[in-house]
Visitor: 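Have a look at this one before I ask anything.
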Amino acid sequence: MRQFKGRIIVPLPPVQAGAGAAGPGSGGSLLRAEALVSRQGFNTLASFQKALMFKDKTAVCSDQNNPDLYGKPMAGKALCMPQTIGSTTGGMVLFCAAALESQPACLLFSRPIDSLAAAGAILAGVWTEHPMPTIDSLGEEFLASVQSGATVTVADDGTVTVE
């Protein structure tokens with residue numbers, strides 16, 4: 001088990017009254033999800049395009065240029081990547097995925113997030129009821145350590161634990 005500390009871009013939703021969760025940070029929120037890892041830049045539009053066009057709730061990745069993710073469902077996963085690449089529509093694509101309830105459980109970046117992806121993740125939490133907690137600057141060791149299928153836990157203080 002390894003822990004990595006990152007910068008919070010979109011916080012975890014607060015714990016609901018009576019939920020009883022306890023975490024390392026002040027709010028007590030924890031998110032656990034199965035990791036889906038891209039070792040290369042994540043092309044947001046290419047990855048979500050077919051899922052959004054056909055309202056695929058599992059959000060199967062349609063980016064044929066990303067062998068790590070192609071053909072794999074992204075919805076509900078801890079999407080781990082170095083950075084996003086591609087079109088300026090990336091932020092809107094993330095927002096649309098949340099609006100259609102096919103968003104990843106969270107976005108975990110080894111590098112600093114770009115402004116377009118940050119905007120999409122933030123707006124998803126503001127304009128929909130489906131926030132996408134987002135942590136960046138986890139470091140290259142994070143991306144080297146996490147494997148698809150592993151369980152990751154995200155704490156409300158930006159700590160990510162890879163099991």
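The figures that follow rest on heavy atoms only: side chains count, while hydrogens, waters and symmetry mates do not.
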Visitor: Restricting to side-chain hydrogen bond (donor to acceptor under 3.5 Å, both in side chains), what partner residues turn up for T161, sequence neighbours left out?
Guide: Q3
Visitor: State the CG-CG distance between D63 and N65, to the nearest 0.5 angstrom.
Guide: 5.5 Å
Visitor: Flag the pair D136 and R7 as a salt bridge only when some basic side-chain nitrogen lies within less than 4.0 angstrom of an acidic carboxylate oxygen.
Guide: yes
Visitor: What I'd like to find out is whether the side chain of M132 reaches to under 4.5 Å of the side chain of P104, using heavy atoms alone.
Guide: yes
Visitor: State whether the side chain of K72 and the backbone N or O of D68 hold a donor-acceptor pair below 3.5 Å, judged by distance alone.
Guide: yes
Visitor: Under the side-chain hydrogen bond (donor to acceptor under 3.5 Å, both in side chains) test, which residues partner T134, sequence neighbours left out?
Guide: none
Visitor: What's the shortest heavy-atom distance between I9 and A118, and which atoms?
Guide: CG2-CB, 4.1 Å
Visitor: Provide the closest heavy-atom pair for S38 versus N66 in the form atom of the first, atom of the second, distance.
Guide: OG-ND2, 2.9 Å
Visitor: Do S110 and C80 have side chains that approach each other closer than 4.5 Å (heavy atoms only, starting at C-beta)?
Guide: no
Visitor: Decide whether V60 and L52 are clustered together by the hydrophobic rule: side chain heavy atoms of Ile, Leu, Val, Met, Phe, Trp, Tyr closer than 4.5 Å, transitively.
Guide: no
Visitor: Answer yes or no: are there more than 12 heavy-atom neighbours, outside E129 itself, under 6.0 Å from its atom CD?
Guide: no
Visitor: For the residue pair K77 and S148, establish whether any side-chain heavy-atom pair is separated by less than 4.5 Å.
Guide: no
Visitor: In the hydrophobic clustering that connects Ile, Leu, Val, Met, Phe, Trp and Tyr at side-chain heavy-atom distances below 4.5 Å, which members other than I8 occupy its cluster, ordered by chain and number?
Guide: F4, L12, L31, V37, L108, I135, L138, F142, L143, V146, V152, V154, V160, V162
Visitor: Looking only at non-hydrogen atoms, find the nearest pair between A105 and A33 and report the distance.
Guide: CB-CB, 3.8 Å
Visitor: Just distance, no hydrogens or angles: give the donor-acceptor pairs under 3.5 Å from side chains in residues 84-94, sequence neighbours left out.
Guide:
{"from": "T84", "atom 1": "OG1", "to": "D114", "atom 2": "OD1", "distance (Å)": "2.2"}
{"from": "S87", "atom 1": "OG", "to": "T89", "atom 2": "N", "distance (Å)": "3.0"}
{"from": "S87", "atom 1": "OG", "to": "T89", "atom 2": "OG1", "distance (Å)": "2.9"}

Visitor: What's the spacing between E140 CD and S145 OG if we round to 0.5 Å?
Guide: 11.0 Å
Visitor: Decide side chain to side chain contact (heavy atoms under 4.5 Å, CB included) for F95 and Q103; before the verdict, give the C-alpha distance in whole Å, the side-chain angles of both, and the deciding distance to 0.1 Å.
Guide: CA-CA 8 Å; F95 162 74; Q103 78 280 5; over 6 Å; no
Visitor: Could you pull out the closest heavy-atom pair between S29 and P13, with the gap in Å?
Guide: OG-O, 2.7 Å
Visitor: Would Q40 and M81 count as a side chain to side chain contact (heavy atoms under 4.5 Å, CB included) if you check the C-alpha gap in whole Å, the side-chain angles of each, and the deciding distance to 0.1 Å?
Guide: CA-CA 7 Å; Q40 64 188 46; M81 70 199 95; over 6 Å; no
Visitor: Going through the distances and angles, do F42 and S47 end up as a side chain to side chain contact (heavy atoms under 4.5 Å, CB included)?
Guide: CA-CA 8 Å; F42 179 73; S47 295; 3.3 Å; yes
Visitor: Output every pair passing salt bridge (Lys or Arg N to Asp or Glu O under 4.0 Å) with a member in residues 86-106, not counting sequence neighbours, ordered by first then second residue.
Guide: none
Visitor: Please identify each residue that fulfils side-chain hydrogen bond (donor to acceptor under 3.5 Å, both in side chains) with N43, with sequence neighbours left out.
Guide: none
Visitor: Give me the atom names and distance for the closest heavy-atom approach of Q147 to A35.
Guide: O-CB, 3.6 Å
Visitor: May I ask whether L116 and L45 are part of the same hydrophobic cluster, defined by side-chain heavy atoms of I, L, V, M, F, W, Y residues being less than 4.5 angstrom apart, directly or through others?
Guide: no
Visitor: Applying side chain to side chain contact (heavy atoms under 4.5 Å, CB included), run through R32 and T151 and close with a yes or a no.
Guide: CA-CA 7 Å; R32 292 188 65 164; T151 300; 3.1 Å; yes
Visitor: To the nearest 0.5 Å, what is the distance between SG (C96) and CE (M53)?
Guide: 13.0 Å
Visitor: If you count heavy atoms of other groups shown closer than 6.0 angstrom to NZ of K50, is the number above 12?
Guide: no
Visitor: In this structure, would M74 and L100 fall into the same cluster of hydrophobic residues linked by side-chain contacts under 4.5 Å?
Guide: yes
Visitor: A59 and S102: which non-hydrogen atoms are nearest, and at how many Å?
Guide: CB-O, 3.4 Å
Visitor: Tell me whether M1 shares a hydrophobic cluster with L30, the cluster being built from Ile, Leu, Val, Met, Phe, Trp, Tyr side chains joined at under 4.5 Å.
Guide: no
Visitor: Under 3.5 Å, is there a donor on one side chain and an acceptor on the other for T153 and E163?
Guide: yes
